[in-house]
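Reviewing the structure listed below.
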Amino acid sequence: MNLDPFGGRFPNRQRNVDAAALFKEGDQETKVRIAGRILAFRGHGKAAFADVVDESGKLQAYFRSDRLGEKYEIVRCLDIGDIVGVDGPLFKTKTGELTVLAENLTMLSKSLRPLPEKWHGLRDTELRYRRRYVDLITNPETRETFKVRCNVIRAIRRFMEERSFVEVETPMMHPIAGGANARPFVTHHNTLDMQLFLRIAPELYLKRLLVGGLERVYEINRNFRNEGISTRHNPEFTMLEAYEAYGDYNTAMELTESMFVRAAEAARGLKVTWQGVQLDLTPPWPREPYLELFKKHVAVDPADAGKLAARCREAGIDPAGMPTEYMVNELFEKFVEPKLTGPVFVVDYPVAICPLAKQKRDVPSVAERFELFVVGTEMANAFTELNDPIEQRKRFARQLELKAEGMDQLDEDFLLALEHGMPPAGGLGVGIDRLVMMLAGVDSIREVIFFPLLRKVSLDEDGDGKECRPEAGKTI
RNA sequence: GCGCCCUUAGCUCAGACCGGUAGAGCAGCUGAUUCUUAAUCAGCGGGUCGAAGGUUCGAUUCCUUCAGGGCGCACCA
């Protein structure tokens, strides 16, 4: 028989769930037309059963040579992994399983590679990340995790739209890497002969839009940070940043709570278990001032430079050249953050570590800033945005003095924008990957990113990377 | 970057402590089988044991180095 193993258009095909919904008890006449991948095959000589799986689920197909005639030859060369179309009436087998009795079978794509073991699926972590498509085909938990991701992001977009925020896109390639403190990835534009940085944050561009009169803006997109990789860090990760003119960090806090509730409802509800901890996300979440937490858990006077330095050295932190606030923050990260099971808003950070945040009017040493923590993990960061260009210039200059990572010049263009007048505003950043991790109950960021960054391996002609990795001892 | 652990057939895993060149299940191939569903029955093929080097008469097993991966630490205000 002559047939194209890689098929073509298969019009008027029904999703498996939709086809199944058409069945009425006792009826043998309802004809359906489904398509999907064969994930199990049980042959019986002149008949066979196959599980045909599409995105919506599984539907069994039953092939009989007396029904298919010469097309039964296709059944004989079917492999697990092949993608096929099946036409025929629905019926129930004697064990009660809804099944399509095939009157026609169309080969839509041949699979040349075997699928992993049917019972255990693909377990090898490395292969699950390198060949995510196989992971998605064989492991329902993986499909479920990414469904949560899609639902969460969709829910957030709807939520932001309801609140009259507009979604915008700002540059990913920046002449100056700003808006956060992290080492950037460097690239180069040939025609302009210009060094560029992949953005570490969209903050400074979104604020330019506030200057331009856009009052509620947000962006959900990738940031790139040239730092270590861990269960909570991928070099490219997805961040939501939102800015609300005429708001402040209190409005941002309310926005965060409401958004997280909506995201949780779109996933698995407000009660979640993450990293072995049972959490209830029902708001309101407690607000804990930064310095009070510090005093409670570190028990060192945050103004006593000598004692702070001693405590730092004890903890293996080199305090040389650090202002007191930096030492406090090092100790805070090391001793306080892991204790924040949350969800909890840590509020009122020392202004010295918040170069883009406005100070409290009555307590100028403190910035109107919060971070949201859950199980020791920073989930969101927000503040009342600093809109005083003179003060902003001083803050940048101070950072330059301290040689903040990746910062070697003032962003004059941003300061110029501020000088035109930026409305007071609340700004918010949310780590989307971490939010999805929590709501999907997975412990590694690689589980919520389809293709996490891994070291390069070369494949041989057989496609087996393990056979052909870079040779030992060879340096290029 | 540092520490610990892992790498055996396409996949999931035994074997190693005590050195004698490997086993199972699934998948594949051949045959039987027209209501099976981890289908069943009979038979067959499949491995540079991650790579290189060392010790040894002999290494998948012991040692060293390297690669990839996992976890933790560091980095990430």
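Every chain is numbered from 1, with letters handed out A, B, ... down the list of sequences. Remember, predicted model here, so these are calculated numbers, not experimental data.
Within a 6.0 Å sphere centred on NZ of A/K339, heavy atoms belonging to other residues, nucleotides or ligands number more than 12. When the shell of 6.0 Å around CZ of A/R222 is examined, it contains 12 or fewer heavy atoms from other residues, nucleotides or ligands.
In this structure, the side chain of A/R132 engages the main chain of A/I449 through a donor-acceptor pair within 3.5 Å.
The same atom, C1', is picked in B/U60 and in B/C18; the two are 16 Å apart, to the nearest Å. Straight-line distance between the P atoms of B/A22 and B/A51: roughly 16 Å, to the nearest whole Å. Across B/U34 and B/C29, the matching C1' atoms stand 23 Å from one another, rounded to whole Å. Here the separation of B/U48 from B/A52, taken at their P atoms, is 12 Å to the nearest Å. B/U65 and B/C71: their C1' atoms are spaced 23 Å apart (whole Å). Taking the C1' atoms as reference points, B/A59 lies 15 Å from B/G15, given to the whole Å. Going from the P atom of B/G53 to that of B/C13 covers 30 Å, rounded to whole Å. Nucleotides B/A14 and B/U8 place their C1' atoms 10 Å apart, quoted to the nearest Å.
Nearest nucleotide to the A/E117 side chain, out of B/A77, B/U34, B/C11: B/C11. Distances were taken from every side-chain heavy atom of A/I80 (C-beta onward) to each of B/C29, B/A27, B/C11; the shortest belongs to B/A27. Which of B/U36, B/G69, B/C11 sits closest to the side chain of A/P116 comes down to B/C11. Side-chain proximity of A/E333 to the nucleotides B/G10, B/A77, B/C35 is greatest for B/A77. Closest to the A/P114 side chain, of the nucleotides B/A27, B/U12, B/U36, is B/A27. When distances run from any side-chain atom of A/K94 to the nucleotides B/U34, B/C35, B/C71, the shortest one goes to B/C35. Side chain of A/D66, nearest nucleotide from B/C71, B/U34, B/A77: B/U34. Nearest to the side-chain atoms of A/A47 among the listed nucleotides B/G69, B/G25, B/U34 stands B/U34.
Side-chain contact between A/T142 and A/L122 is absent, with no heavy atoms from C-beta onward closer than 4.5 Å.
Across every strand in view, B/U40 sits in a pair with B/A32 that passes the Watson-Crick or G-U test at under 3.5 angstrom. Using N1 to N3 plus N6-O4 or O6-N4 for Watson-Crick, or N1-O2 and O6-N3 for G-U wobble, each under 3.5 Å, B/G47 pairs with nothing. Across all strands shown, B/C71 forms a Watson-Crick or G-U wobble pair, both distances under 3.5 Å, with B/G3.
Between A/A40 and A/Q60, the residue anchored nearer the 5' end of RNA chain B, judged by the nucleotide with its closest heavy atom, is A/Q60.
Phosphate contact (OP1/OP2 of B/G69, side-chain N/O of A/R130, threshold under 4.0 Å): present. When the side-chain nitrogen and oxygen atoms of A/R455 are compared with OP1 and OP2 of B/G69, one or more of them lie within a distance under 4.0 Å. Checking the phosphate oxygens (OP1, OP2) of B/G72, no side-chain nitrogen or oxygen of A/S230 falls inside 4.0 Å. The side chain of A/K118 places an N or O atom within less than 4.0 Å of a non-bridging phosphate oxygen (OP1 or OP2) of B/A39. For the pair A/R42 and B/A39, the criterion of a side-chain N or O lying under 4.0 Å from OP1 or OP2 is met. In this structure, A/K334 does not reach the B/C73 phosphate: none of its side-chain N or O atoms is under 4.0 Å from OP1 or OP2. Here A/R64 does not reach the OP1 or OP2 of B/C35: none of its side-chain N or O atoms lies under 4.0 Å away.
Two rings, from A/Y129 and A/F451, have their centers 6.0 Å or more apart. Taking the six-membered ring for Trp, A/F197 and A/F185 have ring centres at least 6.0 Å apart.
A/E97 contributes no side-chain N or O that forms a donor-acceptor pair with the base of B/U36 under 3.5 Å. With hydrogens and angles left out, the side chain of A/H233 and the base of B/C76 share a donor-acceptor pair within 3.5 Å. Side-chain to base pairing of A/R123 with B/U12: no donor and acceptor N or O lie closer than 3.5 Å to each other.
Between A/R128 atom CZ and B/G10 atom P there is a gap of 21 Å when expressed in whole angstrom units.
Relative ring orientation between A/F332 and A/Y290 is described as parallel, the plane-to-plane angle staying below 30° on a 0-90° scale split at 30° and 60°.
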